[in-house]
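Because only heavy atoms are used, hydrogens play no part in the values below, and waters and symmetry mates are left out as well, while side chains stay in. In what follows, every chain begins at residue 1, and chains take the letters A, B, ... in the order their sequences are listed.
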Amino acid sequence: MSIYDTLNDRQKQAVLQTSGPVLILAGAGSGKTRVLTHRIAYLIDQEGVNPYQIMAITFTNKAAGEMRERVDQIVGFGSEQIWVSTFHSTCVRILRRYIDRLGYDNNFTIYDTDDQKGVMKEICKKLQIDTKMLKERTILSAISSAKDELIDPVQYEMQNAYDYNGGRIAKAYKEYQAVLHKNNALDFDDLIMKTVELFKTDAKVLENYQERFRYIMVDEYQDTNTAQFELIRLLADKYRNLCVVGDDDQSIYKFRGANIRNILDFEKVYPEACVIKLEQNYRSTQVVLDAANAVIKNNTGRKEKALWTDKTEGNRIHLRQFDTAYEEAEYIAGDVAKKSRSEQVQYGDCAVLYRTNAQARLLEERFIMEGIPYDVIGGTNFYARREIKDILAYLKTIDNGRDDVAVKRIINIPKRGIGMTTIVRVQDYADSRQISFYDALREADQIMTIGRSASKLQPFVNMIQAFRSKQEFYSLSELVKDILETTGYVQELEASNEEDAADRIENIDELLSKVVAYEETHDEATLSEFLEEVALVADIDRVGESDNKVLLMTLHSAKGLEFPHVYLAGLEDGIFPSYMTIMSDDPLEVEEERRLAYVGITRAKDDLTITYARQRMIRGETQYNPVSRFVREIPPLLMDDKPPVQKRPDHREYDEDSRERGFFKAKPFGMGAVETEKPYRRVADSLSDTVFDKPAAGRQNGEAAFGRKFEPAVQGKPKAIVRPKRTAVENQPYITRASQGVGAVSLEPVGNKTLAYGVGDRVRHMRYGTGTVLKIEPGPRDSQVTVMFDEAGQKIMYAGFAKLVKV
DNA sequence: CGTACTAGTCTTTTT
DNA sequence: GACTAGTACG
């Protein structure tokens, strides 16, 4: 009996087929990670392959870490020699060694979206690009797509010379690359592209890696873009032992360049490829699988597969409709609480999945009220928070003085009286001398134009220089502590009356413990390596760190995970699928969303609950949306409730309708960039009239159905409007003037006069828990409330923002 | 040079 | 609704 006997026939075949190109089409939950890890073990144990010659590539650090762990378990000896990592860290590792051959320093820095935006902003200024017409974002995403397709600035210019906007983007692209090069920085896309460039320009280096990595495995292959495909193709070109694992039905990253053709055309590129389908699902019940299959079969151009399981039929899918998103959140939190009380359900068995990060907020508030431990994955990355980026900018400056973006970020943080004018003048000087911004600072006394400001620059330079020399004998954490102390960063925060100063300080503490943890796991923790690791972590990598908490995340983040109890929230046309895709002329966009629905459904092991709300607040606008078309694609008998009958089930008709009525201008194209003045609300308004057979329960008041627009006209019946506007309104110190007899409906925080609590009262705060009010200081606009929290200690906060609830 | 307020934008998803 | 960049003012 060997470890391979636990595999089914197909899986075994995939493990044993070690030579030549192999495409494993692995349906959701079909045990692909098991196959990959066993395959690695088989290569080493049975075929005597040197672990050193094996490479496994994934998309997230989490997936890489998981695979590493499982490989370590079954491979015993030499497993640490296998390269198991993400595309990005693989490339960084290669580039750190060889990028000098492309004219960069090997200690390059990695720019995140923020840094990129900063660079682009300056470029637009320099090239006199009107950012109202052509936004930094737009340019950057055009550049990113170009890089995904391995198109360099020169090619881009050739392809877009005839187009006005294209031409400008081409110029910006060229300039952008020049700036990054000057700053010795690479962005995310460069990591892949430059590695490919390296392989193509330096045959020796390529040969070296080809010879080393004789067995290459790629996970989530359906998500690779052209550049990543090329990277793999080059690496595998000599020995052609390339095994890719993927599921075309789970391709959900087109927006970041994923090319579904990579998987669909694999057999064309590798005619000798062996194709193996894994269709037995070990995860979900038959009901869940039937639902998933029923939805995905509406897509065209997919590789035919049908998941099956020998697990039991299972519960029917729970379908719940609500009047408002608020009630939806209330139900989900309540249901989780109920389950955890009565059944053998742990919080960690539950996950709530949604289409957009913004949807997390309502759910979060509700989970807090229920006292359920939860974790929100995604949204803003920890390392993208302002205070964290500030500290990292110090570290980057110490590590690599050529990173102008980092230097400029911190030159006046904390405040040193160095303003825009001085910075611009120093930059001019640097430009004229062809030196970096930091080097210009060091010569500040030479710069005539800045006059007496030079005296403010000198201490800054001295401080950085001091850090640099201390770095020699300091540990990483000592360095960070020194930075915090010398700059007085934390003191400045403490002194400031910014409302979230306490959170910021907490984050800094967390950073410090991450630094310490890094030192503990890395023998010779260098600053460069730390910065690099930090640049490449994604939020999803945190999953598993938190134990026994309900996880809240987007459908995208949920890919690759599984939970006994899954809630799919906000299943409404317009949310999921999003308006963007419904409106799109390209029907493939809806297909991509359908794959996302497929991913969502197949996350559930036992129990799936689908919820949707008639009314939802999006970006300050109330929308009315019908149930998602994807729910309608699920056979009703698989669900415990039916979606409501609609007069006109096809959404496209509404679009035409609105177009006729002049609500829609043609899609913006070319340079014309036609205005699109809040088109969505209009659709929503027109929908609310036509969608439902009977009036939605939430709008007996008539006007309420039309959303905020008409609110001022409503007299005396605030409830219907107030409710969806803010969660748990009745518990909060918000009082409508109507109820005070003033007349007009208002939702202003009324502050000092009408706080629902006083000194000595017990109150609850969203984050800090319960505490006692010590002091209330009335201010002109809002009162400052001092609260001694049981857990979090004493905090001073503005009443209007703190949303304290009397308990 | 720093601040405090206003106007405009945004998001659909992320390594 | 929330965040950010830009502006007017001290």
Closest-nucleotide 5' rank along DNA chain B - winner of A:Thr356 and A:Leu536: A:Thr356
Partners meeting side chain to side chain contact (heavy atoms under 4.5 Å, CB included) with A:Thr487 (sequence neighbours left out): A:Tyr394, A:Pro414, A:Arg416, A:Met463, A:Ile483, A:Tyr489
Short side-chain N/O contact to B:dT3 OP1/OP2 from A:Lys415, under 4.0 Å: yes
Pairwise 5' ranking along DNA chain B for A:Phe255 and A:Ile418, keeping only the more 5' one: A:Ile418
Side-chain N or O of A:Thr60 closer than 4.0 Å to phosphate OP1/OP2 of B:dT14: no
Pair of N/O donor and acceptor under 3.5 Å linking B:dT12 base with A:Arg355 side chain: yes
Pairwise P distance for B:dT13 and C:dT4, with rounding to whole Å: 15 Å
CD on A:Glu122 to OH on A:Tyr176, rounded to 0.5 Å: 13.0 Å
Under 3.5 Å, which protein N or O atoms sit close to an N or O of nucleotides 6-9 of chain C? Give each pair with its distance.
from  : atom 1 : to       : atom 2 : distance (Å)
C:dG6 : OP2    : A:Lys121 : NZ     : 3.4

Gap between atom CZ of A:Arg385 and atom CZ of A:Arg504 - 0.5 Å precision: 10.5 Å
N or O in side chain of A:Asn357 less than 4.0 angstrom from B:dT12 OP1/OP2: no
Nearest atoms (heavy-atom pairs only) where A:Glu136 meets A:Cys124: CG-SG, 4.2 Å
Under 4.0 angstrom between A:Ser578 side-chain N/O and B:dT13 OP1 or OP2: no
Taking N or O atoms only and anything under 3.5 Å, show me the protein contacts with nucleotides 6-8 of chain B, one pair per line.
none

Salt bridge (Lys or Arg N to Asp or Glu O under 4.0 Å), paired with A:Asp115, selected from A:Lys389, A:Arg409, A:Lys121, A:Lys408: A:Lys389
Sugar-phosphate, base or nothing in reach of A:Glu592, heavy atoms under 4.0 Å: nothing
Sugar-phosphate, base or nothing in reach of A:Ser557, heavy atoms under 4.0 Å: sugar-phosphate
Sugar-phosphate only, base, or nothing, as touched by A:Asn61 at under 4.0 Å among non-hydrogen atoms: nothing
Any A:Arg386 side-chain N or O less than 4.0 Å from OP1/OP2 of C:dC3: no
Distance-only donor-acceptor check, side chains A:Gln228 and A:Glu230, under 3.5 Å: no
